[in-house]
Amino acid sequence: MSKAMLANKEVMNLILTTIIGNHAMGLYMPRTCEWIDGNRADIIYSPIMPPSNLLPPIIIEVLTKYYNHVYETFDNIKPIALTICVKSIREVFTKDYYDTEKGEFFKELPCQYWAHQHLILTPLTIVNHLHKPLHPMVALGYVFTEHQCSLIGLEYRDDPHSKVIICHRDTNN
């Protein structure tokens, strides 16, 4: 329902003129938001002419369903968010990172309005921590960033945490 609502031309123009300006009216179209790698978004507004700083693509995610459910289910306690980035992030986005006491392999992002803490794992945040034995969170980030569905393709295939993550089994023997 929200996708159809957001794809409506009048709704789209309300959003565009508010966040881009009146010059954006009628210059965008809604686009499919499912890519071949399985990633998707609720909707993207794409300019009908080549994108520019004056007419950038607009991605819209309707997340209140998750936030409200979590917030209400857990007695109005803000959640801790964990983002696992499986590819590199543009440097411009990393300027907001800051260190956290949770681990040197994490960075933290601002989140004061929607979460208690927003931790991020990226290939760059874990690279200096790829040594045996892997910390469980480094192993998690490593397995995701390597895009492997079996241990055979992993350099750290003998690491017990990598085994648990890939094989989904208990290794407490």
Indicate yes or no for a side-chain donor-acceptor contact from Thr17 to the backbone of Asn13 under 3.5 Å, with no hydrogens or angles considered. yes
Distance col, row Glu108:CD vs Glu101:CD, nearest 0.5 angstrom, shows 6.5 Å
Looking at Pro51 and Pro57, what are the two nearest heavy atoms and their distance? CB-CD, 4.0 Å
In terms of hydrophobic clusters joined by side-chain contacts under 4.5 Å, are Met29 and Ile15 together? yes
side-chain contact (heavy atoms from CB on, under 4.5 Å) partners of Leu14, counting only residues at least two apart: none
Looking only at atom types and distance, does a side-chain atom of Thr125 sit under 3.5 Å from a main-chain N or O of Phe105, one as donor and one as acceptor? yes
Tell me, please, which residues at least two apart from Pro133 pass side-chain contact (heavy atoms from CB on, under 4.5 Å). Asp159
Under a 3.5 Å distance rule, please check whether His23 uses its side chain to pair with a backbone N or O of Leu54 as donor and acceptor. yes
Side chains of Asp99 and Lys107 in contact at under 4.5 Å (non-hydrogen atoms): yes
Taking atom OG1 of Thr122 and atom CD1 of Ile84, what is their separation to the nearest 0.5 Å? 11.5 Å
Taking atom CD as the centre, does Gln112 end up with more than 12 heavy-atom neighbours from other residues, nucleotides or ligands that are less than 6.0 angstrom away? yes
Report the C-alpha distance between Leu124 and Tyr97 in whole Å, list the side-chain angles of each, state the deciding distance to 0.1 Å, and finish with yes or no for side-chain contact (heavy atoms from CB on, under 4.5 Å). CA-CA 12 Å; Leu124 284 177; Tyr97 285 178; over 6 Å; no
Side chain to side chain contact (heavy atoms under 4.5 Å, CB included), paired with Leu55, selected from Leu27, Leu16, Ile48: Leu27
Can you tell me if Tyr28 uses its side chain to pair, donor with acceptor, with the backbone of Pro56 under 3.5 Å? yes
State the NE2-CD1 distance between His135 and Ile126, to the nearest 0.5 angstrom. 12.5 Å
Let me check something: do Met25 and Met49 share a hydrophobic cluster, defined by ILVMFWY side-chain heavy atoms less than 4.5 Å apart, either directly or through other members? no
Any heavy-atom pair between the side chains of Lys102 and Gln117 that's under 4.5 Å? yes
Looking only at heavy atoms, which two atoms of Pro30 and Ala7 are closest? And how far apart? CG-O, 3.9 Å
Interatomic distance, OH@Tyr142 vs CG@Leu130, rounded to 0.5 Å, equals 7.5 Å
